[in-house]
Amino acid sequence: MLPIQISKRARLTPASPIRRLAGLARQAKQNGKKVYHLNIGQPDVHTPVEFFAGIKEYDSQVVEYETSEGNHLLREAWSNYMERSLGIAVPPQSFLITTGASEALIFTFMITCDPGDEILIFDPTYANYIGFAAISGVDLIPVMTTIENGFGLPPLEQIQSQLTSRTRAILACNPNNPTGTVYSKEEIAGLLDLCNRNNIFLVVDEAYREFVYDGLTPYSVLELDPSNERIIVVDSLSKRFSLCGARIGALITPNQRVLSTGLSIAQARLAAPTIDQWAAAYMLNHISDEYSKVTTKEYEERRDRLFSRLSKIPGVEAFKPRGAFYTVARLPVAHAEDFAKFLLNDFDDNGETVFVAPASGFYQTKERGNDEIRLASVLSSQHLERAMEILEGALWEYKEIVGQ
Ligand SMILES: Cc1ncc(COP(=O)(O)O)c(C=O)c1O
């Protein structure tokens, strides 16, 4: 009998480049190696105690479904948090609470596009955008950014030239995963102007909003034009509060039509998790600003230590990120994925090795990023330095074996 049919859309959804080599890392650990995980943005910073206090406060005999738009206490608390942290008034009704930013992104693709419509993204890009596009039938059109240019936005004319009659939105991630680039207010204002002129949405993924360094101030695109109906912000508590497993995100927009059509989609999936929303509301209402300051300072120091050690490795080219907690580095190898496998399968330095994410999976454009990796600064500074030492040793040994 022929195998039962699997949809093309499922088959075309790429495996996550971040998780693809996880089996090799498991095997390396089974073989007794210590593996430094720099492949995935899973923060090790402690979750605020206020979140756990919120879980203890949850008091109900039945864990009921939440409302589809999200817990009203959370929407209010998030709105207040934005007022406190950014000084902008975003009313609670502008929030649609989702199961992580991931679901907010899927909703955004579904709301703004029909199958075959296009969204412009900047390449390299957050790899899961590629997966979300595959499952919603959207074509992602990559606009190239380069390591030489600090992965900054290209001139607006170049972006404009890639718009077609099927373009429905420009999607920017700011601060950026995977590059750590922070777009200035002027750059984002330029994108907004382009979207206004072409009557398309500007979607800004602000999952890493607070993590900006070198004295930069966090801001949201909503500050630029709070009532602009073309703006959709995708937000998340995952990174900001080390709450990846709580699965709390939001789609935020002043556009009532987006919210009401989004609510119909949200109703079809019923609701985001009840207890996590409750605890997140409690946390946002009780947490002090200190948590964010301390966390950002910690990531900035890690960025400094990682970058300073990484840039001493001969043949490595890297851009110093100014936000988020990632760095893209170009290695003196032809295929970074083979090198990443070598690190896990064949190499160790005193029983220790490193797990890095090959960057090609972050590019929508084929054959780009083959010699690049992405590193996540989600370990202590000391461990990051040790990981860079291991990486340097592995590059020497790899060169001897492969001869490049
Ligand atoms: C840029 C970006 N957007 C969205 C997400 C998904 O976040 P969430 O955990 O809220 O689904 C991530 C997770 O790594 C991310 O890096």
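Both counts, for ligands and for their atoms, begin at 1 and track the order of listing.
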Under 4.0 Å from a heavy atom of [X]: which atoms of ligand 1 are those, numbered in the order shown and with their elements?
| X | result |
| --- | --- |
| Gly100 | 10 (O), 11 (O) |
| Asn177 | 1 (C), 15 (C), 16 (O) |
| Ser238 | 8 (P), 9 (O), 10 (O) |
| Arg247 | 8 (P), 9 (O), 11 (O) |
| Cys173 | 1 (C) |
| Lys239 | 13 (C), 14 (O) |
| Ser236 | 8 (P), 10 (O) |

Mind telling me whether [Y] and [X] have parallel, tilted or perpendicular rings, with 30° and 60° as the class edges?
| X | Y | value |
| --- | --- | --- |
| Tyr129 | Phe132 | tilted |
| Tyr282 | His286 | parallel |
| Phe325 | Phe211 | tilted |

For [atom], what's the nearest protein heavy atom and its distance?
| atom | result |
| --- | --- |
| atom 11 (O) of ligand 1 | Ser102 OG, 2.6 Å |
| atom 5 (C) of ligand 1 | Tyr126 OH, 3.5 Å |
| atom 2 (C) of ligand 1 | Asp205 OD2, 3.4 Å |
| atom 7 (O) of ligand 1 | Ala101 CB, 3.7 Å |

(request) Can you measure from OG (Ser292) to CZ (Arg240) and round to the nearest 0.5 angstrom? (result)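 Rounded to the nearest 0.5 Å, the OG-CZ separation comes to 7.5 Å.
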(message) What's the separation between atom CZ in Arg302 and atom CG in Asp304, rounded to the nearest 0.5 Å?
(response) 12.5 Å
(message) Once ring-ring contact (aromatic ring centres under 6.0 Å, His included) is applied, do any residues pair with Tyr81, and if so which ones, sequence neighbours excluded?
(response)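 Scan of Tyr81 (ring-ring contact (aromatic ring centres under 6.0 Å, His included), adjacent residues dropped) gives Phe241.
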(message) For the residue pair Tyr291 / Glu50, report whether a side-chain donor-acceptor contact shorter than 3.5 Å exists.
(response)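 No pair is found: no donor N or O on one side chain lies under 3.5 Å from an acceptor on the other.
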(message) Does Lys185 qualify as a cation-pi partner of Tyr219, given the criterion of NZ or CZ under 6.0 Å from the six-membered ring centre and within 45 degrees of its axis?
(response) yes
